[in-house]
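Scroll down for the structure; my scribbles are underneath it.
Remember, it's a predicted structure, so these values are computed and weren't measured experimentally. Counting starts at 1 for both ligands and their atoms, following the listed order. Below, each value reflects all heavy atoms present in this structure, side chains not excepted, and no hydrogens, waters or symmetry copies.
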Amino acid sequence: MRTPLVAGNWKMNGTRETIAALLDGILAGIGDVKAAEVAVCPPYPYLAEVGQRLAGSPVAWGAQNASQEEKGAFTGEVSVTMLKDFDCRYVIVGHSERRTLYGETDEVVAAKFARVRDAGMAPILCVGETLEEREAGVTEQVVERQLKAVVDKVGAAAIADGVIAYEPVWAIGTGRTATPEQAQEVHAFIRGLLAGHDGAVAEGVRILYGGSVKGANAAELFAKPDIDGGLIGGASLVADEFLTICRAAG
Ligand code: 13P
């Protein structure tokens, strides 16, 4: 049995004040979330404070990105050692915003996955097609290429130490959610690809859905057999909305 995971990707949002209030709200209601694991990924400057606030609570924390380099002269970058130092459990790698806005290639994303895993944290590997790619009928080829780059780099067994997030780019921040059937189809495809390498890894790895998940649509998405929770953007910034999503996962 896979434990569902709901992770909030706060992206570049929040202030110390709004984040303190958001955490208060999440912690006030987290007791009603029985079976799902919950995590939040704040912007870097807030990680220490968020970690202190959440230590000892059921809510884990993680980062939205990490450098593929170990250390050194990389101005503006943050290393996995630093993130581990602040007890991050998760690090998102290959989010579509990183791929499209910051030019991260499949190879860079694979290197980040390896780095995060080697540091003892769980990479949340994002994959997903653009609207153009979906309409061209190449969704599976795109997702397969993105996944293959990581499997080629770290081996299929290592995928078990991470989490996969299927995030169709056209559904991110658009209010246009993939239907549960559309999402399930790609999730099953991803699990099938992994099964071609290692049946146990395929069976055990969590595949989250991300893209305009809200309190109102979470339950029907999470009811699908290969959807093991969600990676939540906008709705993770509103405590009640985020908690509704967490409860829908378990
Ligand atoms: P939204 O939930 O705002 O669509 O963002 C999804 C996402 O990109 C999570 O990583």
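Of the options Q64, E167, R176, K214, the smallest heavy-atom separation from atom 7 (C) of ligand 1 is shown by E167.
The atoms of ligand 1 that sit less than 4.0 Å from any heavy atom of A171 are 4 (O). Every atom of ligand 1 is numbered from 1 in the order shown, and the set under 4.0 Å from a heavy atom of S212 is 1 (P), 2 (O), 4 (O). Less than 4.0 angstrom separates some heavy atom of H95 from each of these atoms of ligand 1: 7 (C), 8 (O), 9 (C), 10 (O). Within the listing of ligand 1, atoms 4 (O), 6 (C) sit less than 4.0 angstrom from a heavy atom of G211. Listed by atom number, the atoms of ligand 1 under 4.0 Å from G234 heavy atoms are 1 (P), 2 (O), 3 (O). Residue contact check: K11 has heavy atoms under 4.0 Å from atoms 5 (O), 6 (C), 7 (C), 8 (O) of ligand 1.
At a threshold of 4.0 Å, the pair E37-R89 counts as salt-bridged, since one of the basic side-chain nitrogens sits closer than that to a carboxylate oxygen. By the 4.0 Å N-to-carboxylate-O rule, D106 lies too far from K148 to be salt-bridged with it.
Below 3.5 Å of separation, one finds no N or O of G210 facing any N or O of ligand 1. Ligand 1 has no nitrogen or oxygen under 3.5 angstrom from a nitrogen or oxygen of I172.
Counting heavy-atom neighbours within 6.0 Å of E181 CD, excluding the residue itself, gives a total above 12. Under a cut-off of 6.0 angstrom, the local environment of CD in E185 is sparse, with at most 12 non-hydrogen atoms contributed by other residues, nucleotides or ligands. Surrounding CD of E203 are at most 12 heavy atoms belonging to other residues, nucleotides or ligands under 6.0 Å away.
The proximity of N9 to ligand 1, defined as any non-hydrogen pair under 4.0 Å, is limited to the side chain.
Remark: the backbone N or O of D226 is paired with a side-chain donor or acceptor of Q184 at under 3.5 angstrom.
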